[in-house]
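Just so it is clear, the model here is predicted, and its values are computed rather than measured.
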Amino acid sequence: DVQLQASGGGLAQVGGSLRLSCAASGLLFNDYGFCWFRQAPGKEREGVSCINSGDGDTYYLDSVKGRFTISIDNAKKTIYLQMNSVKPEDTAVYYCASSIGVYTKGTMLMPKWMDYWGQGTQVTVSS
């Protein structure tokens, strides 16, 4: 079974940092796209960032460019999302997901394109 285990959420102050981790198992790690989505209360789930595990190509939502960095440790089969200079609008439940297709070249990231989902981890940014 494919499993994605997200961790690392918590409380941060405006301007602070958090690092989310997603440990993957049960899939061929080099052949997938790995992504982070988030969902704030009352809002739709939105794609935040994605990385191609094969060539390291990345996608970022415009509002997080320059502040968030996605990375991958192939040996540990773990995906990270480093969140710097966080803002109150970053408050949401963050989900990691993986897809057989890779979607780093587009201008948006749709939840329906993902094949597997992990559980969410809450990120709260206080002002």
For this session: Evaluate the side-chain proximity of Arg38 to Glu46: yes if any heavy-atom separation is below 4.5 Å, no if none is.
Result: yes

Exercise. Hey, what do you get for NZ (Lys77) to OG (Ser25), rounding to the nearest 0.5 Å?
Worked result: 8.0 Å

For this session: Indicate yes or no: at least one non-hydrogen side-chain atom of Ile70 is less than 4.5 angstrom from one of Tyr60.
Result: yes

Exercise. Is there a donor in the side chain of Asp73 and an acceptor in the side chain of Thr78, or the other way round, less than 3.5 Å apart?
Worked result: no

Exercise. Does Gln122 CD have over 12 foreign heavy atoms under 6.0 Å away?
Worked result: yes

For this session: Determine, step by step, whether Val14 and Val125 satisfy the side-chain contact (heavy atoms from CB on, under 4.5 Å) criterion, reporting the C-alpha distance in whole Å, the side-chain angles of both residues, the deciding distance to 0.1 Å, and the verdict.
Result: CA-CA 6 Å; Val14 171; Val125 181; 4.0 Å; yes

Problem set entry | Leu109 versus Val48, closest heavy-atom pair with distance | CD2-N, 4.5 Å

Exercise. Any idea which heavy atoms bring Ser127 and Pro88 closest together, and the distance?
Worked result: CB-CG, 4.3 Å

Problem set entry | Spacing of SG belonging to Cys50 relative to CG belonging to Leu61, to within rounding of 0.5 Å | 12.0 Å

For this session: Taking all non-hydrogen atoms of both residues into account, name the closest pair between Ser49 and Tyr59 and its distance.
Result: OG-O, 2.9 Å

For this session: Answer yes if Val64 and Phe34 sit in the same cluster of Ile, Leu, Val, Met, Phe, Trp and Tyr residues linked by side chain heavy atoms under 4.5 Å apart, and no otherwise.
Result: yes

For this session: With side-chain contact (heavy atoms from CB on, under 4.5 Å) as the test, would you mind laying out the steps for Tyr80 and Arg19 before giving the verdict?
Result: CA-CA 7 Å; Tyr80 303 98; Arg19 188 176 81 157; 3.7 Å; yes

Exercise. Taking C-beta and beyond as the side chain, do Met83 and Val123 meet within less than 4.5 Å on heavy atoms?
Worked result: yes

Exercise. Rounded to the nearest 0.5 Å, what separation is found between the OG atom of Ser98 and the CE atom of Met114?
Worked result: 8.0 Å

Problem set entry | Cysteine SG atoms at Cys35 and Cys96 closer than 2.5 Å | no

Exercise. In Å, rounded to the nearest 0.5 Å, how long is the span from CD of Glu89 to OG1 of Thr91?
Worked result: 8.5 Å

Exercise. What is the distance from atom CD1 of Ile100 to atom CG of Asp115, rounded to the nearest 0.5 Å?
Worked result: 4.0 Å

Problem set entry | Salt bridge Asp90-Lys87, side-chain N to carboxylate O under 4.0 Å | no

Exercise. Parallel, tilted or perpendicular for Tyr95 and Trp117, by the 30°/60° rule?
Worked result: perpendicular

Exercise. Side-chain contact, heavy-atom cut-off 4.5 Å: Thr121 with Gln119?
Worked result: no

Exercise. So, for Ser99 and Tyr32, which heavy atoms are closest and what is the spacing to 0.1 Å?
Worked result: O-CD2, 3.3 Å

Exercise. Cluster question for you: counting only ILVMFWY and a side-chain heavy-atom cut-off of under 4.5 Å, with indirect links fine, are Met110 and Leu4 together?
Worked result: yes

Exercise. Within a strict 4.5 Å, meaning less than it, do heavy atoms of the Ile79 and Ser21 side chains meet?
Worked result: no

Problem set entry | Minimum-distance pair of heavy atoms, taken over all atoms of Gly10 and Leu18 | O-CD1, 3.9 Å

Problem set entry | Flag for Asn84-Gln82: side-chain donor and acceptor within less than 3.5 Å | yes

Seminar exercise, completed: In this structure, CG of Leu20 is separated from CH2 of Trp36 (nearest 0.5 Å) by 4.5 Å

Exercise. Can you name the closest pair of heavy atoms from Trp113 and Met108 and give their distance?
Worked result: CZ3-O, 3.5 Å

